[in-house]
Participant: 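Before I ask anything, here is the structure I am working with.
Start at 1 with the first residue, then count along the sequence. Just follow the structure's listing: the first ligand is 1, and inside any ligand the first atom is 1.
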Amino acid sequence: MGSFSYKEIYIEDGKRVLEVNILPEKHCNFDCIFCPIGRSQNKVDIQKSFDETDSSLIELESMIENTKAELIFINSKGEALVNDKIGDIIDLIKSKGVPVRLLSNGYLLGRDEYIRIANKCDGVIGEIKAITEEHFQKIQRPIDGYTIGEYISNMVSFNKQYKGKFIFEITIIKGYNDDEESIQKIKNIIKEISPDKIIIARMEDEKFKKKLGITDERFEGISNALLNI
Ligand code: SF4
């Protein structure tokens, strides 16, 4: 048994998607107050080695074959880029002729070593939640020295050179980015990043929904405003 974990295969746009988590426990460069995985005991932005990676790679190869996956989605317990074997993992998937989509929170996409890895992927998802410096520090609690300005400019510069499909996921959070001024700011961020696809999300986790979730009407209104620019 390796240390990766998998979700049940599902169909998306007619394709069989295999979702894989390549981190044995949470490792992230943020420590968001609403993180569904819990607190970040390992707040990191440099790569590290994990045990059992060789057997995990063998298991991944047979999972791809047995499930007849047509897309592998690397969606991990935190920031997948900090696994020092992520380049090998992507190379293995590509050698099987299967496209790869990587979920990152997006902050590390400004660093050369991570740009090279993300560029191997057919699709990359970057995210944004808080949009002011104060809120970014307060609710996403990144590694010291991170700024919201750098976060956005990292994704802007990444996508300027990226040849694959860049998907930008924006999570609307009650009291933080759901007012008209914030929506206007988000529109400007979207224009700067110029993603291939936009996903609008909101707090769905039962633990946080009451405090940070928005109504269906507001969600629909904001989605229309952001998806039609
Ligand atoms: S960026 Fe994602 S994984 Fe990391 S702490 Fe925030 S919600 Fe959790």
Side-chain angles (χ1 to χ4, degrees), residues 3-7 19-48 50 72-84 86 89 101-111 114-115 117-118 121 123-156 158-159 166-178 182 186 189 193 195 197-214 219:
S3 58
F4 298 172
S5 56
Y6 299 86
K7 279 198 181 155
E19 213 170 303
V20 57
N21 155 43
I22 63 167
L23 298 171
E25 65 274 335
K26 182 178 174 186
H27 285 76
C28 195
N29 47 350
F30 296 175
D31 183 15
C32 302
I33 59 167
F34 40 72
C35 181
I37 315 163
R39 291 297 308 268
S40 297
Q41 309 297 344
N42 307 290
K43 213 150 123 184
V44 287
D45 63 359
I46 51 169
Q47 290 193 317
K48 60 182 269 186
F50 295 97
I72 306 298
F73 179 23
I74 302 176
N75 177 8
S76 293
K77 287 184 185 169
E79 180 50 81
L81 287 166
V82 304
N83 183 325
D84 70 349
I86 188 166
I89 295 166
R101 181 170 66 203
L102 170 72
L103 174 68
S104 166
N105 61 33
Y107 203 99
L108 298 179
L109 296 175
R111 294 192 190 167
Y114 296 123
I115 294 170
I117 294 166
C121 299
V124 171
I125 304 177
E127 306 175 323
I128 201 149
K129 292 181 169 91
I131 55 161
T132 67
E133 189 62 47
E134 188 198 343
H135 290 162
F136 180 50
Q137 301 299 334
K138 184 178 163 197
I139 65 172
Q140 298 200 262
R141 301 182 296 198
I143 284 178
D144 285 349
Y146 278 25
T147 66
I148 188 77
E150 195 177 328
Y151 189 6
I152 295 163
S153 71
N154 286 347
M155 286 190 273
V156 172
F158 174 75
N159 199 29
F166 189 72
I167 302 156
F168 186 42
E169 182 172 312
I170 303 144
T171 305
I172 304 300
I173 305 175
K174 186 161 86 183
Y176 289 95
N177 61 5
D178 61 335
S182 299
I186 296 171
I189 296 169
I193 293 179
K197 185 178 170 185
I198 299 166
I199 298 173
I200 314 293
R202 60 178 162 171
M203 283 292 146
E204 303 284 4
D205 193 312
E206 286 304 326
K207 286 201 293 285
F208 307 106
K209 212 170 164 177
K210 200 162 167 218
K211 196 158 177 256
L212 302 172
I214 55 167
F219 183 61

Participant: How does K77 reach ligand 1, if at all, at less than 4.0 Å between non-hydrogen atoms: by side chain, backbone, both, or neither?
Facilitator: neither
Participant: Any atoms of ligand 1 less than 4.0 Å from a non-hydrogen atom of N105? List them with their elements.
Facilitator: 1 (S)
Participant: Tell me which protein heavy atom sits closest to atom 2 (Fe) of ligand 1, plus the residue, atom name and distance to 0.1 Å.
Facilitator: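 Looking only at protein heavy atoms, the one closest to atom 2 (Fe) of ligand 1 is E127 OE1, 4.5 Å.
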Participant: At less than 2.8 Å, would any N/O/S atom of C35, backbone or side chain, sit next to atom 8 (Fe) of ligand 1?
Facilitator: yes
Participant: Tell me which protein heavy atom sits closest to atom 4 (Fe) of ligand 1, plus the residue, atom name and distance to 0.1 Å.
Facilitator: C28 SG, 2.3 Å
Participant: Please check if atom CD1 in I143 has more than 12 non-hydrogen atoms from other residues, nucleotides or ligands closer than 6.0 Å.
Facilitator: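 Counting neighbours around CD1 of I143, more than 12 heavy atoms of other residues, nucleotides or ligands fall under 6.0 Å, so yes.
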Participant: Y151 and F30: aromatic ring centres closer than 6.0 Å?
Facilitator: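 Yes, the ring centres sit under 6.0 Å apart.
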Participant: Determine the minimum heavy-atom distance between C28 and S40, stating which atoms define it.
Facilitator: CB-OG, 4.1 Å
Participant: Of the backbone and side-chain N, O or S atoms of C32, does one lie nearer to atom 6 (Fe) of ligand 1 than 2.8 Å?
Facilitator: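 Given the 2.8 Å cut-off, C32 counts as a ligand of atom 6 (Fe) of ligand 1.
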Participant: Protein heavy atoms near atom 8 (Fe) of ligand 1, is at least one of them under 4.0 angstrom away?
Facilitator: yes
Participant: Yes or no on salt bridge (Lys or Arg N to Asp or Glu O under 4.0 Å) for R111 and D45, after CA distance, side-chain angles and deciding distance?
Facilitator: CA-CA 10 Å; R111 294 192 190 167; D45 63 359; 2.7 Å; yes
Participant: Can you tell me the protein heavy atom closest to atom 3 (S) of ligand 1 and the distance?
Facilitator: G78 CA, 3.7 Å
Participant: Measuring centre to centre across the rings, with the benzene-like ring taken for any Trp, is Y107 within less than 6.0 Å of F158?
Facilitator: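 No, the ring centres sit 6.0 Å or more apart.
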Participant: Once rounded to the nearest 0.5 Å, what's the spacing between atom CD of E169 and atom OG of S104?
Facilitator: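 Taking CD in E169 and OG in S104, the distance rounds to 12.0 Å.
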